[in-house]
Visitor: 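One structure, as C-alpha cells, below. Some questions next.
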Amino acid sequence: MLQIANIRKNAADLASRLAIRGLDGSALIAQVLEMDEKNRARRTEMETLQSKGNQLTAQIGEMYKSGQREAGDALKITSAEIKEQLKSLEADVEEGDHAMTQLLLTIPNTPAIEVPKGKTPDENIEIFQWGSKPDLSAQSIPHWELTTKFDIIDFELGVKLTGAGFPVYKGKGAIFQRALIQFFLNEAGKAGYMEVQPPLLVNADSGYGTGQLPDKEGQMYHCGVDDLYLIPTAEVPITNLYRDVILNEAQLPIKNAGYTPCFRREAGSYGAHVRGLNRLHQFDKVEIVQIVKPESSYAVLEDMSNYVQGLLQKLGLHYRLLLLCGGDMGFTSAKTYDMEVWSGAQEKWLECSSVSNFETFQTNRLKCRYRNAEGKTELAHSLNGSALALPRIVAALLENNQTPKGIKVPDVLVPYTGFEWID
RNA sequence: GGUGAGGUGGGUGAGUGGCUUAAACCACCAGUUUGCUAAACUGACGAACGGGAAACUGUUCCGGGGGUUCGAAUCCCCCCCUCACCGCCA
C-alpha cells in the first residue's frame, strides 16, 4: 500500500510512475489528494472539538474538588452537547479514513522509473541469455516421461494420496530433491543469509501483512477449524517476522533464507502447460528475503539477481534474465527480474525465479520500520526472491542432462546426492 | 481437553476513577571523565496522525471491540491471545 504522506509530497512523480503500468496515474493521484484534503479538514474539526471537550472535563474536575458542585453541574450540559457533536464527527472521520484505505488498497506499487512501459509478457525486456541450448538428440523426451522411465517421481501415486499436483518423489528422485534444497541453503548461508525455519501455517494477520489477503484469498489453502492458511511461499512467514517491528539502523540489512514447501490452489489452471512439474499444488522452494535501508534497495536488488543467476550458472542451466514491464509485474512490486530456464525437451522457457524490490509497499502494511541516523522512524524497504523454486529446475535438469545412459547429475550436486547418474 | 493466572512503552514491571503529562529499572542514543574499550556520572529517550516556515502545538493509543461516567490503563460485558499446572502425546 502506498503511503499517503508520500503521495502528498511526490504526487507528480508517482503519477508518472503509475503510468508505466498503463494506468491513468494522474487521475488516480488526483482522486487520492482530493479525498485526503477533505479528510484532513474533518480531522482538524474533530480534534479541535475534542480538545475543547478535554478542557471542559478538566474544569469540571477542578470545580468538584474545590466544592463548586453547582458550577460543575452547569458545565456538564455543555460537555454533553460536545459529546453529541463529536459522535457524528468521529463517525465521519472514521468513514473518511476507511474510504481512503480502500482506495489506496486498489492502487498497485509505483514502478521504478527504469521499468519499461507495457501491459503483457511480450513487452518484458530480455536483458541477456546465459549459456546455450543443450545439444539433445532427436529422441529427447519431456521430464514427465523421464520421471516414469527412471521411476523417480510418481504423479499417479500422488493422485491416489491427495490429488493432481502432489507428486511423490521416490529413491534417487527424493534424494535429488533433498540435495538441491541442501545446495541452495548452503549457498545462501555462504552469501550471508541467515537460515530460518518458519511455520508452514500462518494466521490471517500474516496473510494481510505481505498482501496475499485479501486479494489472493482463493490462492491459499485454508484450514477452517483453526482459521490458518498454508503458506504459498516462505516470503509470507519470513517477511512477517518483521511485522510491527522497529529495527535499529545497525541491524540492517537483514538477510534471511528459508526452505519450505509451498502450497498453492492454482484454481482454474489445467491443461498441457501444467503437465508434470510445470505447475504443482505443493512444491519446494528456498526463498531469500532482505530488509534494507531505502537508499540501498536498488543495489541490493541487483545483488540478489546476481546471486540467483550464480546458482543457475553453477547448475549449468541455460537461462535468460527478464526485466518485467510495468503491466506484467506483481501488484506489490516496484521492479522485478524474472529468471527463466530453458527446458530442452519441451523447448520453452520456464520461470524459475522472480526477484523483486517492494520499496515500502509491504513494509507500510507490515509497519516494519527502522530508526534512522536522526533517530526518526522510517519505513524500511523489503525485497525477496526465489533461490530457487525446485520443480522447474528439476524439470530443466532432467531434460537438459538426459543421455542414452541416464541423467547426468551436475557436478556441484554430486557431493550432496552421493551419485553421479540417475539411471 | 480441564483448571488457574495474566496481557501496560524496545525489554522487565508499578499503577483500584481526576495529582498519570504512565513511576522505577534495564537497553538504546548524546555528552563528561578516561591511551582504546569498559565502568562511573550527566542528559535525552514511546508510536501514529493533524496544524505550523519553524520554535512549538493538538488528537488518539495501556491485547481487540462495546458499555458506564463530566472524566477510564483503572469499573462492567463480549472476544482474542499468552503463560503455568494437570491430562494426552511425538
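We use all heavy atoms of the structure for the numbers below, so side chains are in, but hydrogens, waters and symmetry mates are not. Protein chains get the first letters and strands the later ones, always in sequence-line order, with residue 1 at the start of each.
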Visitor: With a 4.5 Å cut-off on side-chain heavy atoms, are A:Ser51 and A:Gln55 touching?
Guide: yes
Visitor: Separation of A:Glu84 atom CD from B:C70 atom P, in whole Å?
Guide: 13 Å
Visitor: Tell which nucleotide pairs with B:U16, taking only Watson-Crick or G-U wobble pairs whose two distances are both under 3.5 angstrom.
Guide: none
Visitor: Select from A:Lys76 and A:Ile246 the residue whose nearest nucleotide in RNA chain B is closer to the 5' end of that strand.
Guide: A:Ile246
Visitor: So which nucleotide does B:G6 pair with, by the Watson-Crick or G-U wobble rule with both distances under 3.5 Å?
Guide: B:C81
Visitor: How long is the gap from OG1 on A:Thr260 to CD1 on A:Ile238, to the nearest 0.5 Å?
Guide: 7.0 Å
Visitor: Starting at atom CG of A:Leu86, determine the distance to atom P of B:U60, rounded to an integer number of angstrom.
Guide: 9 Å
Visitor: Hey, which of these two, A:Arg8 or A:Glu47, hits RNA chain B nearer its 5' end, going by closest nucleotide?
Guide: A:Arg8
Visitor: Pick the C1' atom in B:C19 and in B:G11, then give their distance to the nearest Å.
Guide: 29 Å
Visitor: Between A:Arg40 and B:G51, does any side-chain N or O lie under 4.0 Å from OP1 or OP2?
Guide: yes
Visitor: Could you tell me the separation between the CZ atom of A:Arg369 and the P atom of B:C49, rounded to a whole number of Å?
Guide: 9 Å
Visitor: Within the structure provided, determine whether A:Gln212 and A:Met220 are in side-chain contact (heavy-atom separation under 4.5 Å).
Guide: yes
Visitor: Determine the interplanar angle of the A:Tyr416 and A:Phe183 rings, folded into 0 to 90°, and report it as parallel if under 30°, tilted if 30 to 60°, perpendicular if over 60°.
Guide: perpendicular
Visitor: Can you tell me the distance, in whole Å, between the CE atom of A:Met63 and the C1' atom of B:G18?
Guide: 15 Å
Visitor: Would you measure the distance from the C1' atom in B:U16 across to the matching atom in B:A22 and give it in whole Å?
Guide: 15 Å
Visitor: With P as the reference atom in both, quote the distance from B:U32 to B:U20 in angstrom, rounded to an integer.
Guide: 35 Å
Visitor: Given the P atoms of B:A23 and B:C45, what is the spacing between them in whole Å?
Guide: 11 Å
Visitor: Given B:G71, is OP1 or OP2 found less than 4.0 Å from the side-chain N or O atoms of A:Lys83?
Guide: yes
Visitor: Nearest 0.5 angstrom please: A:Leu247 CG to A:Lys293 NZ, how far?
Guide: 12.0 Å
Visitor: So which nucleotide does B:U21 pair with, by the Watson-Crick or G-U wobble rule with both distances under 3.5 Å?
Guide: none
Visitor: For a quick check of understanding: with a heavy-atom distance under 4.0 Å over all strands, which category does A:Asn248 fall into, base, sugar-phosphate or nothing?
Guide: nothing
Visitor: Look at the side-chain N and O atoms of A:Ser51 and state whether any lies under 4.0 Å from the OP1 or OP2 oxygen of B:U59.
Guide: yes
Visitor: Whom does B:G1 pair with, Watson-Crick or G-U wobble, provided both distances fall under 3.5 Å?
Guide: B:C86
Visitor: Please measure how far the C1' atom in B:U34 lies from the corresponding atom in B:A38, and state the result in whole Å.
Guide: 10 Å
Visitor: Taking the P atom of each, how far is B:G4 from B:C79, in whole Å?
Guide: 16 Å
Visitor: What's the separation between atom CG in A:Leu2 and atom CG in A:Leu104, rounded to the nearest 0.5 Å?
Guide: 6.5 Å
Visitor: For B:A55, which nucleotide in any strand shown is its Watson-Crick or wobble partner with both distances under 3.5 Å?
Guide: none
Visitor: Between P on B:G50 and CD on A:Gln3, what's the gap in Å once rounded to a whole number?
Guide: 11 Å
Visitor: Contact class for A:Thr57 vs. all strands (heavy atom < 4.0 Å): base, sugar-phosphate, or nothing?
Guide: base
Visitor: Which whole-number value in Å describes the distance from A:Asp244 CG to B:G46 P?
Guide: 19 Å
Visitor: Give none if B:G35 has no partner; otherwise give the nucleotide forming a Watson-Crick or G-U wobble pair with it, both distances under 3.5 Å.
Guide: none
Visitor: What is the distance from CD of A:Glu62 to C1' of B:C19, rounded to the nearest Å?
Guide: 9 Å
Visitor: Under 4.0 angstrom, heavy atoms only, what part of the nucleic acid is A:Thr377 near: base, sugar-phosphate, or nothing?
Guide: sugar-phosphate
Visitor: Could you measure between the two C1' atoms, the one in B:C76 and the one in B:U82, and give it in whole Å?
Guide: 24 Å
Visitor: Rounded to whole angstroms, how far apart are CD on A:Gln50 and P on B:C61?
Guide: 8 Å
Visitor: Quote, to the nearest angstrom, the P distance that separates B:A90 from B:A14.
Guide: 39 Å
Visitor: Is the NZ or CZ atom of A:Lys335 positioned over A:Tyr298's six-membered ring, under 6.0 angstrom from the centre and within 45° of the axis?
Guide: no
Visitor: Tell me which nucleotide, if any, is Watson-Crick or G-U wobble paired with B:C61 when both distances must be under 3.5 Å.
Guide: B:G46
Visitor: Could you let me know what B:A72 is paired to, Watson-Crick or G-U wobble, both distances under 3.5 Å, or none if it's on its own?
Guide: none
Visitor: Of all the choices, B:G50, B:U60, B:C70, which nucleotide is nearest to the side chain of A:Asn54 once you look at every atom?
Guide: B:U60
